[in-house]
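Data block below; observations after.
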Amino acid sequence: MSNSQTQSRRPLVAGNWKLHKTLGEARELVAALIAELADGALDAAGPEVVVAPVFTALSSVRDALRGSPITHAAQDLHWEATGAFTGEVSAPLLLDLDCAYVIVGHSERRQFFGDSDEAVRKKAAAALQAGLPPIICVGESLEQRQAGDTETHVLGQLRAALEGLDPEALARVVIAYEPIWAIGTGHSASPEDAQAVHAAIRAAVAADHGQALASGMRLLYGGSVKPDNAATLMAQPDIDGALVGGASLDANSFAAIVRAAAIRE
Ligand code: PGA
């Protein structure tokens with residue numbers, strides 16, 4: 001353990017596959033990942049590892065992961081459980097597929113599909129109400145960072161997403177800080193800059209919901225996490241794991257990031 005602050009927080013490494021991988025490719029990636037991590041990195045004391053394939057591959061990935069401690073997650077959901085909502089998928093359906101988490105408010109959803117702060121709040125609340133923990137994404141644009149608005153923006157998104165949740169629900173929330181300018185660009189935030197935002201997020205959760213809840217909440221960093229920067233990012237006291245895009249599409253590089261999280265402990 002690097003310090004007392006991290007003691008109760010098990011690292012979490014989540015792979016966001018986005019719109020990639022056919023069923024066959026998804027099965028292959030899972031098999032390769034299990035083989036890569038057969039060296040003990042996945043024992044009970046190690047990091048929690050999750051992969052988030054496209055909706056259509058969830059069932060196959062679940063079957064391919066059977067017997068492995070790796071779990072699967074969905075990349076989004078709708079807040080209504082059932083009804084006339086063509087094209088949508090709901091929390092009960094994701095639980096039906098044994099999903100362990102659902103990603104909510106990814107910047108690509110916000111940017112390309114119009115997910116507002118209000119939509120993110122409703123999605124997170126619906127997931128929690130159904131018993132599915134959300135990984136809620138927040139993060140600033142390059143313009144916001146350059147204007148010195150990073151904290152205002154990120155904490156605004158955070159507070160909007162957590163509004164109205166009771167403490168029991170909040171205890172199951174995972175936050176992913178993903179600066180938009182770092183996603184898919186190869187330029188991750190520096191460990192110091194990422195740590196500063198993570199510390200601000202934890203302080204805001206402590207101010208709003210109490211220190212105990214804030215100390216237990218897992219805060220992931222996302223945005224160009226790679227095998228060569230994962231260890232230094234996750235060595236920061238308030239960075240409890242990673243949400244990985246591009247590097248999660250390759251078993252070798254994702255496994256290296258998982259190992260970096262194991263060292264953190
Ligand atoms: P990246 O994506 O690792 O490819 O930058 C991260 C994410 O969008 O979650």
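Both counts, for ligands and for their atoms, begin at 1 and track the order of listing. This structure is a prediction, so every number in the text was calculated from the model and none was measured.
The backbone of A182, and not its side chain, has at least one atom closer than 4.0 Å to an atom of ligand 1 (non-hydrogen atoms only; backbone = N, CA, C, O). In I183, the parts holding a heavy atom less than 4.0 Å from any atom of ligand 1 are both the side chain and the backbone.
Of the possible donor and acceptor atoms, one in the side chain of Y221 sits under 3.5 Å from a partner among the backbone N and O of G223.
Between K18 and ligand 1 there is a heavy-atom distance shorter than 4.0 Å. Not a single heavy atom of A247 sits less than 4.0 Å from an atom of ligand 1. Residue contacts with ligand 1 do not include S107, since none of its heavy atoms lies under 4.0 Å from the ligand.
Classification of E80 and K122 as a salt-bridged pair fails, no side-chain N sitting under 4.0 Å from a carboxylate O. Taking 4.0 Å as the cut-off between side-chain N and carboxylate O, R202 and D238 count as a salt-bridged pair. The residues E36 and R259 are annotated as salt-bridged, a charged nitrogen and a carboxylate oxygen being separated by less than 4.0 angstrom. Using a 4.0 Å cut-off between a side-chain N of Lys or Arg and a carboxylate O of Asp or Glu, D240 and R10 do not qualify as a salt bridge. Checked for salt-bridge contact, E140 and R145 meet the test: a charged N lies under 4.0 Å from a carboxylate O.
When all heavy atoms of S60 and R27 are compared, the closest pair comes out as OG-NH2, 3.8 Å. A124 and I136 get closest at one heavy-atom pair: CB-CD1, 3.7 Å.
Every atom of ligand 1 is numbered from 1 in the order shown, and the set under 4.0 Å from a heavy atom of G246 is 1 (P), 3 (O), 4 (O). Annotation for ligand 1: atoms under 4.0 Å from non-hydrogen atoms of G184 are 1 (P), 4 (O), 5 (O). Remark: ligand 1 atoms within the under-4.0 Å shell around heavy atoms of N16 are 9 (O).
Checked by distance only, ligand 1 and G245 come closer than 3.5 Å through their nitrogen or oxygen atoms. In terms of polar-atom proximity, defined here as any N/O pair under 3.5 Å, G222 makes no such contact with ligand 1. For H106, a nitrogen or oxygen atom sits less than 3.5 Å from a nitrogen or oxygen atom of ligand 1, counting backbone and side chain alike. Every N/O-N/O distance between T185 and ligand 1 stays at or above 3.5 Å.
What sits closest to atom 7 (C) of ligand 1 on the protein, heavy atoms only, is E178 OE2, 3.2 Å.
Put simply, I70 and W17 are part of the same group of oily side chains (I, L, V, M, F, W, Y) that touch within less than 4.5 Å, one to the next.
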